[in-house]
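Everything on this sheet refers to the single structure shown next.
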Amino acid sequence: MSRPELHVFADARALTAAAVARWVAACHHAVAKRGRFVVALAGGGTPLAAYRQLAERHDLPWERVVVTWGDERLVPLDHEERNERSAREALLSHVGVHDEHVLGWGEGDDATLLARAHERRLREALGDPPRFDLVLLGLGADAHTASLFPGTRSVHAPGLATASTAPDGRARLTLTPRALSGAEEVLVLVSGADKRDALRRTLRREGDEDALPLTALTPPEAFVILADAQAAPSPPADGVAVEG
Ligand code: 6PG
């Protein structure tokens, strides 16, 4: 499956509830089938509400969960912009994920070296190529996803992990479309009117992969976009019903 299916929700609260429900279902399915649940978290602000709700789900088999991130900022671990720090505060510090099952991008100044090390880390822990049960992503107002930015060559980077540069010039680290496509389910969370244009262009493929990085992903199974009504094209593309 390479074209994502769109689910539209009345508001961010309903979108978050749907994201949590999908996480819970994917987690139980993966643990039952393979004995563990491997998830790549998204950075940014949209998923934080879901992470906080999951932090209260002590019924989940957290000791079977393996966590990494689809992308990271080249800042120290304790920096407020670090995706790993945000996820630890919102979720990981509240649940029983084992330290050795948290596969962060590491710290340092050389993005290329960090990307190469992370690629090795993922291959060793998750197989070659690494496979994820769930990849969470966001969408920027400029249509970037993870740290794959329009107009940069990061979309075509070989391998699984690469250095990239955000429009503000800040160095980033990101999994490549090839790595992100190695997932049983890719779930993209899109909230807010500022995302509407990027989501519309992405759904309608009004540009190539360099302009619309999410279109470079080709997950074989589930490729799902959860959007609130503020972000969804109006009327929703292909008569998509508003849920929740
Ligand atoms: C990051 C994210 C990035 C994010 C989008 C949307 O490190 O910033 O990986 O791709 O998902 O920028 O961010 P918001 O959820 O804050 O709108």
Side-chain angles (χ1 to χ4, degrees), residues 4 9 11-13 15-16 18-20 23 39-54 67-77 79-91 103-107 111 114-115 118 132 134-152 154-155 157 161-177 179-181 183 186-202 209-217 223-232:
F9 297 87
D11 53 28
R13 183 200 55 75
L15 185 160
T16 295
V20 169
W23 171 302
V39 56
L41 300 180
T46 303
L48 290 178
Y51 297 163
R52 292 189 189 103
Q53 286 190 22
L54 286 161
V67 172
T68 189
W69 282 264
D71 70 319
E72 191 51 278
R73 289 88 180 277
L74 198 68
V75 293
L77 274 173
H79 192 286
E80 63 178 6
E81 290 183 5
R82 184 92 184 195
N83 289 334
E84 180 174 344
R85 172 181 157 173
S86 302
R88 284 185 180 278
E89 285 176 354
L91 173 58
L103 310 176
W105 282 80
E107 259 188 315
L114 287 172
H118 196 59
F132 308 94
L134 178 62
V135 165
L136 287 178
L137 292 170
L139 186 72
D142 64 352
H144 80 264
T145 194
S147 285
L148 301 166
F149 293 95
T152 68
S154 55
V155 166
T162 187
S164 72
T165 305
D168 63 6
R170 307 282 294 274
R172 297 283 194 105
L173 297 159
T174 188
L175 294 185
T176 60
L180 293 168
S181 298
V186 172
L187 190 59
V188 190
L189 310 185
V190 189
S191 173
D194 63 319
K195 308 295 179 70
R196 178 173 297 181
D197 176 66
L199 181 55
R200 191 201 77 252
R201 289 186 293 117
T202 298
E209 298 178 343
D210 290 306
L212 303 169
L214 201 58
T215 63
L217 271 64
F223 190 5
V224 178
I225 297 177
L226 305 183
D228 62 18
Q230 294 76 7

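Position 1 is the first residue of the sequence, and the numbers go up from there. In this text the structure is predicted, and so the values were computed from the model without any measurement. Whatever order the structure lists ligands and atoms in, that order sets their numbers, starting from 1.
Protein heavy atom in closest approach to atom 6 (C) of ligand 1: Leu139 O, 3.6 Å. Among protein heavy atoms, the minimum distance from atom 15 (O) of ligand 1 is reached at Thr46 OG1, 2.6 Å. Of the protein's heavy atoms, His144 NE2, 3.5 Å lies nearest to atom 5 (C) of ligand 1. Among protein heavy atoms, atom 9 (O) of ligand 1 sits closest to Asp71 OD1, 2.7 Å. Atom 16 (O) of ligand 1 has as its closest protein heavy atom Gly45 N, 2.7 Å. Nearest non-hydrogen protein atom to atom 13 (O) of ligand 1 is Gly44 CA, 4.0 Å. Closest protein heavy atom to atom 1 (C) of ligand 1: Arg73 NH2, 3.3 Å.
No side-chain heavy atom of Phe149 sits under 4.5 Å from any side-chain heavy atom of Thr174. Looking at heavy atoms from C-beta onward, Arg13 lies out of side-chain contact with Asp228 at the 4.5 angstrom threshold.
Only the backbone of Ala146 comes within contact range of ligand 1, with a heavy atom under 4.0 Å; no side-chain atom does.
Each of Leu180, Thr145, Asn83 was scored for a side-chain contact (heavy atoms from CB on, under 4.5 Å) with Asp71, with one residue passing: Asn83. When the options Leu199, Leu189, Thr46 are evaluated for a side-chain contact (heavy atoms from CB on, under 4.5 Å) with Leu139, the one that passes is Leu199.
In summary, the atoms of ligand 1 found under 4.0 Å from a heavy atom of Gly138, numbered by their order in the structure, are 11 (O). In summary, the atoms of ligand 1 found under 4.0 Å from a heavy atom of Arg172, numbered by their order in the structure, are 1 (C), 7 (O), 8 (O). In summary, the atoms of ligand 1 found under 4.0 Å from a heavy atom of Lys195, numbered by their order in the structure, are 6 (C), 14 (P), 17 (O).
Side-chain atoms of Trp105 come within 3.5 Å of backbone N or O of Trp69 as a donor-acceptor pair. Remark: side-chain polar atoms of Arg172 are not paired, donor with acceptor, to backbone N or O of Ser164 under 3.5 angstrom.
Here the closest non-hydrogen pair linking Ala198 and Gly140 is CB-O, 3.4 Å.
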